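Report on the following structure.
Values in this document were obtained by computation on a predicted structure and should not be read as measured data.
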Amino acid sequence: MSDMAADAFWRMKKAGIKPTSHSYTALIHAYSVSDWHKKAYAAFENMLTEKVKPSIETYTALLDAFRRAGDIQMLSKIWKLMRMEKIEGTRVTFNILVDGFAKQGHYVEARDVIFEFGKIGLHPTVMTYNMLMNAYARGGQESKLPQLLKEMWALNLKPDSITYSTMIYAYVRVRDFSRAFYYHKQMVKSGQVPDAESYKKLRSILDVKAAVKNKRDKSAILGIINSKFGRVKPQGKRKKDEFFKFKRKTPRS
């Protein structure tokens, strides 16, 4: 894709057609999705040299290139440039920045992004918190997850199956099976059960983890495994004894 985009771009220039903000943005986006972040930035510099004004779409494509590359320094540099130029981001820009900073363990910067975008009316969504939870979980910060969940409730954001699955996986990873079971119950109670394929994957992991010697852990895991696609088996009624039908109610005196 990037080769085709670059070829079309240079053929256009060779034909004497002056590149616009849209054509440069398309080229930067093509480089971004092909993980050629250095070429994306080189195209951006050429754009500035030719005095073609970058749009919010241009900055968003460039930010995405460095998010994919995990280059926090450049991510910060481009975002700073955006603010200097007084360019307000979109929801896509917001998500790219939060995900980019959080995945690299820069949680403070991710929180700063949420604060700054809140000033222009772009507040965090369930997707925002899912990205934060995923980043915290992968970074070994699972102790922060309950606080993030509380923040969601405070903002009237309803956790979805991804939210709960992320928490369950995080606690299974550190062998905190009691918490994993607790959030599984919360997930079922809220009706936010993942699709069958995702649930099957979760159960297969828990099947392996069930082979532990700790009875308390094993009991918690089996509680998850023995549920069927998020629905905990209801307790059956106690069987009546065989003489029940012959019993008569005695009148009270």
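A side-chain contact (heavy atoms from CB on, under 4.5 Å) with Phe66 is found for one member of Lys38, Lys77, His37 and no other, namely His37.
At a threshold of 4.5 Å between non-hydrogen side-chain atoms, the residues Asp176 and Ser178 count as touching. A 4.5 Å side-chain heavy-atom check between Ile114 and Phe94 finds at least one atom pair inside the cut-off. Contact check for Glu88 versus Thr93: no side-chain heavy atoms found under the 4.5 Å cut-off. Side-chain contact between Met82 and Ile56 is present, with heavy atoms from C-beta onward closer than 4.5 Å. Between Leu155 and Pro124, the closest side-chain pair of non-hydrogen atoms falls below 4.5 Å. Contact of the Tyr24 side chain with the Asn46 side chain is registered, since non-hydrogen atoms from C-beta on lie closer than 4.5 Å. Looking at Val126 and Pro159, their side chains never come closer than 4.5 Å, going by heavy atoms from C-beta outward. Residues Tyr183 and Leu145 are not in side-chain contact: their nearest non-hydrogen atoms beyond the backbone lie 4.5 Å or more apart.
Judged as a salt bridge (Lys or Arg N to Asp or Glu O under 4.0 Å), the pairs with a partner in residues 93-111 (not counting sequence neighbours) are, in order, Arg67-Asp99, Asp99-Lys103, Arg111-Glu151.
Remark: Tyr171 pairs with no residue by the side chain to side chain donor-acceptor pair (under 3.5 Å) rule, at least two apart or across chains. Applying the side chain to side chain donor-acceptor pair (under 3.5 Å) criterion to Gln104, with sequence neighbours excluded, gives no partner residue. When the side chain to side chain donor-acceptor pair (under 3.5 Å) test is applied to Asp160, the partners found at least two apart in sequence or on another chain are Asn130, Thr163. For Lys18, there are no salt bridge (Lys or Arg N to Asp or Glu O under 4.0 Å) partners at least two apart in sequence or on another chain. Scored by the side chain to side chain donor-acceptor pair (under 3.5 Å) test, Arg83 finds no partners at all (sequence neighbours excluded).
Here the shortest heavy-atom pairing between Thr166 and Ala137 reads CG2-CB, 4.4 Å. For the pair His123 and Gly118, the tightest heavy-atom approach, listed with the atom from each and the gap, is CE1-O, 3.6 Å. Taking both residues in full, the closest heavy atoms of Ala110 and Val98 are given as CB-O, 4.0 Å, listed atom of the first, atom of the second, then distance. When all heavy atoms of Ile168 and His184 are compared, the pair lying nearest together is CD1-CA, 3.7 Å. Residues Ser21 and Thr58 approach most closely at OG-OG1, 3.8 Å, considering heavy atoms. Pairing each heavy atom of Ala43 with each of Ile28, the nearest pair is CB-CG1, 3.9 Å.
One finds the CG atom of Leu81 at 7.0 Å from the CD1 atom of Ile87 (value rounded to the nearest 0.5 Å). Residue Met131 holds its CE atom at 12.5 Å from CE of Met133, rounded to the nearest 0.5 Å. Of the inter-residue distances, the one linking Leu63 atom CG with Met74 atom CE reads 9.5 Å to the nearest 0.5 angstrom. Note that the OG1 atom of Thr25 and the CD atom of Glu57 stand 7.0 Å from one another [nearest 0.5 Å].
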- Query: Run the side chain to side chain contact (heavy atoms under 4.5 Å, CB included) check on Ser32 and Leu62 step by step: do they pass?
  - Reply: CA-CA 7 Å; Ser32 171; Leu62 192 61; over 6 Å; no
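Of the possible donor and acceptor atoms, one in the side chain of Ser165 sits under 3.5 Å from a partner among the backbone N and O of Ser161.
More than 12 heavy atoms of other residues, nucleotides or ligands sit less than 6.0 Å from atom CZ of Arg68. Residue Glu45 qualifies as enclosed at atom CD: its count of foreign heavy atoms under 6.0 Å is above 12.
Side-chain contact annotation: Arg91 with Asn95, donor-acceptor N/O pair under 3.5 Å absent.
Ring centers of Tyr59 and Phe44: under 6.0 Å apart, within the cut-off.
Stacking of Lys185 on the aromatic ring of Phe181 is recorded, both the 6.0 Å distance cut-off and the 45° axial limit being met. Remark: Lys150 is not positioned above the aromatic ring of Trp153, lacking an NZ or CZ atom under 6.0 angstrom from the ring centre and at most 45 degrees off the axis.
Follow the hydrophobic side-chain contacts under 4.5 Å out from Met84 and you never reach Phe117; the two are in separate clusters. Ile162 and Leu132 end up in different hydrophobic clusters when Ile, Leu, Val, Met, Phe, Trp and Tyr side chains are linked at under 4.5 Å. Hydrophobic cluster membership is shared by Met167 and Leu157, with clusters built from Ile, Leu, Val, Met, Phe, Trp and Tyr side chains linked at under 4.5 angstrom. Transitive grouping of hydrophobic side chains (ILVMFWY, heavy atoms separated by less than 4.5 Å) brings Val113 and Ile120 into a common cluster.
The aromatic rings of Tyr107 and Tyr136 sit parallel to each other, their planes meeting at less than 30°, with 60° as the upper class boundary.
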